[in-house]
Structure formats: C-alpha cells, structure tokens
Amino acid sequence: MNKMYSIEGKVAVITGAGGVLGGSIAKSFIKSGAKVVALDIRQEQLDARVKELTAEGGEAIGYVGNVLDVESLKNVAGQIVEKWGRVDILLNIAGGNTPGGTLAAEQDFFDMPVAEWEKVTNLNLNGTVYPSMVFSKIMAQQKSGVIINISSMAAYSALTRVPGYSAAKTAVSNFTQWLATELALKYGEHIRVNAIAPGFFIGDQNRAVLINPDGTLTDRSKKVLAKTPMNRFGNITEVNGAVQFLCSDAASFITGAVLPVDGGFSAFSGV
C-alpha cells in the first residue's frame, strides 16, 4: 500500500466496537496494522470482538466504557496512555437509533415518548461529544491526532419517522465542523476532525423497517433505492476505506468535512 494511506502502528480508539459498524472498521484497521482499542458498554460483545481481532494477528485490547460517562472515559484514557503512550485516532462509532425513537407509520410526532427522544439524542450527540472531549485532550498534548464521527443521510434532508435520530446526527455534523476549527486554531494543523455520513445499509437496527418478514423489500426500502443512483444498499465494509483515508496522511489537508458514503443518495433529487 502507498504509505500515504497507511495507519500502521497508530493507536486507534473505537467506541461501539462491539457493534456491526464498529466491528467492521476495527477488523479493517487491524489488517492495516493499527493498534485497536475496542470500547463498548457490553462486556460479552466486547470480549468476543477482542478475541476476533487478536485472531487476525494484530494488537487489540478492550475496555468496558460508557460514552455517556466522562469519568468512565477518563479512566479508560489513562489506561490506554499507560499501555501504549498515546492516542492517534478516535472513531466515535457508538450510536444508532432506538426502537422507541422510531415512529410507526400510523403515529404522529406528538405520540413520541419524551424519554425516547432524550435517549436517542443523548446517545448520538453526547455519545460523540464526551469521548471527543476526553481523547482530544490527549491529542492536544501530543499536537496530533484524528477524530472521525458518524453522521447520517438524515442530516442532509428530512427522513420520516426518525425525528430524534435526525436531529442528533445533524448536530453531530455541526459539532464536527466546530471541533475541527477549534482544535486546528488552538493546537495546530496536525489535529483533524471529520465525519462519515453513511447511506443505507441493512443492519440489525433497521432490518425490520427495510425488509419484510418474507424477505421482500418494504415500501420504505423501495423509496430509498429509488433515490439511490447506484440502486442498491451498501455493504458495511464499504465504509472502511473512507474512514482509513480520512485517518491517513493522504487526508492531511481535510478537516471539518462530512463525507457521504451513500451510493449517490445525497446528490440525487429523485428527478
């Protein structure tokens, strides 16, 4: 591989590493020679992920950590620095929608429980802000580092039925731009903050909304594909290359960007 795109030897902290997207990126990073620190709130998923990563022959460690608990994150950060001396990359992957935060087709906005709104917005926005706050402090001391956040197509244009998730991901995009400028102005050009905005991928969280019990596409899926020029859903592994690019020296003049990985969904008006 061209060394310009290399992340070999970099210490990469990945929140939500026990999940599908976090796990896919973690495996890709291990294969590219990065040292992976897997964070997840679920011990069982975390243990399975670390076992999977070390089986690939790379260096990986796991810590139970709550992205909504700053003290928990500070404790983990201290252990990482003690073990590996630095943090080069933070991937804020923890997040996602919740069943209670998704309106059924027959529901209206005012039917949404406030507790569910708070749960989904807290997880996606503060679950990005708090780890960034803790780990960017280490990067500021190093004068180098990369943070990647996860935005969404819901931040580009309104998607029905997911109000809390949409609001939170729009805020993540704005926070990405804010933090990118804040860190570059105060700590120099070698700390960069960007985001990925995935298009539509079928996973555990959205399968019931996109796929009928008999395996056929739901009406919502048909609408998604009609607005996706590539006319297909993405494969979760198709996010990996974009993330690695943004973490590498090949993206050394890119900060404050939100990169769509969406098969053209965000570019197409539908006409």
Side-chain angles (χ1 to χ4, degrees), residues 1-40 45-65 67 73 76-95 128 131-132 134-150 176 179-180 183 189-196 198 235-255 257 259 261:
M1 175 187 284
N2 187 327
K3 289 186 178 180
M4 214 177 168
Y5 297 91
S6 175
I7 56 170
E8 188 173 0
K10 300 291 186 182
V11 177
V13 177
I14 304 177
T15 73
V20 175
L21 179 58
S24 177
I25 297 171
K27 285 184 279 187
S28 176
F29 268 42
I30 280 285
K31 290 176 181 178
S32 295
K35 298 177 180 179
V36 170
V37 181
L39 264 65
D40 205 283
Q45 285 91 332
L46 181 63
D47 290 345
R49 182 68 70 217
V50 172
K51 184 177 180 180
E52 182 181 44
L53 294 175
T54 53
E56 295 284 349
E59 293 185 78
I61 53 176
Y63 294 103
V64 173
V67 294
L73 294 170
V76 169
Q79 294 180 68
I80 296 168
V81 171
E82 184 176 346
K83 180 175 178 62
W84 276 332
R86 59 188 298 107
V87 172
D88 299 298
I89 296 166
L90 169 64
L91 307 182
N92 283 313
I93 312 300
T128 296
S132 297
V134 171
F135 290 102
S136 68
K137 185 175 183 179
I138 298 170
M139 295 175 182
Q141 292 165 348
Q142 298 169 174
K143 302 290 186 183
S144 67
V146 177
I147 297 174
I148 305 295
N149 300 325
I150 300 296
T176 297
L179 188 61
L183 295 178
E189 64 178 277
H190 298 298
I191 303 179
R192 300 184 294 104
V193 185
N194 293 294
I196 295 290
N235 185 306
I236 202 70
T237 60
E238 291 178 302
V239 175
N240 299 343
V243 173
Q244 180 163 331
F245 161 67
L246 288 175
C247 290
S248 74
D249 288 343
S252 59
F253 198 51
I254 301 176
T255 197
L259 176 64
V261 183

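For clarity, every value in this text was computed on a predicted model and none was experimentally measured. Throughout, numbering of the chain's residues begins at 1 and tracks the sequence.
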Under 3.5 Å, side chain of N194 to main-chain N/O of L246, donor-acceptor pair present?
no
Can you check whether T128's main-chain N or O pairs, donor with acceptor, with S132's side chain at less than 3.5 Å?
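Flag set: sc S132 to bb T128 pair under 3.5 Å.
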Donor + acceptor pair across side chains of S32, Q244 (<3.5 Å)
yes
With side chains defined as the heavy atoms from C-beta onward, is the minimum distance between [X] and [Y] less than 4.5 Å?
| X | Y | answer |
| --- | --- | --- |
| S136 | L90 | no |
| I80 | Y63 | yes |
| V243 | L91 | yes |
| I14 | V37 | no |
| S248 | M4 | no |
| V13 | I89 | no |

How close do [X] and [Y] get, counting heavy atoms only, and between which atoms?
| X | Y | value |
| --- | --- | --- |
| A17 | D40 | N-OD2, 3.7 Å |
| I93 | G22 | CG2-N, 3.5 Å |
| V261 | A242 | CG2-CB, 3.9 Å |
| F29 | V36 | CB-CG2, 4.0 Å |
| T15 | A94 | OG1-N, 3.0 Å |
| A77 | V134 | CB-CG1, 3.8 Å |

Measure the spacing between OG1 of T237 and CD1 of I25 and express it to the nearest 0.5 Å.
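Taking OG1 in T237 and CD1 in I25, the distance rounds to 10.5 Å.
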Rounded distance (nearest 0.5 Å) linking atom CG of N240 with atom CZ of F245:
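Spacing of CG (N240) from CZ (F245) equals 15.0 Å.
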Suppose we screen for side chain to side chain donor-acceptor pair (under 3.5 Å). Which residues come up paired with [X], at least two apart in sequence or across chains?
| X | value |
| --- | --- |
| T255 | none |
| S252 | none |
| E238 | R232 |

For [X], which residues count as a side-chain contact (heavy atoms from CB on, under 4.5 Å) partner, sequence neighbours excluded?
| X | result |
| --- | --- |
| E52 | K27, R49 |
| E59 | K35, W84 |
| E56 | I30, K31 |
| D249 | none |

Name the atoms and distances for all side-chain donor-acceptor pairs under 3.5 Å in residues 140-150, with sequence neighbours left out.
unit_1	atom_1	unit_2	atom_2	d
Q142	OE1	V87	N	2.9
Q142	NE2	V87	O	3.0
Q142	NE2	S144	O	3.1
S144	OG	R86	NH2	3.3
N149	OD1	N92	ND2	2.8
N149	ND2	T176	OG1	2.9

Contacts of R192 meeting salt bridge (Lys or Arg N to Asp or Glu O under 4.0 Å) (sequence neighbours excluded), chain-then-number -> none
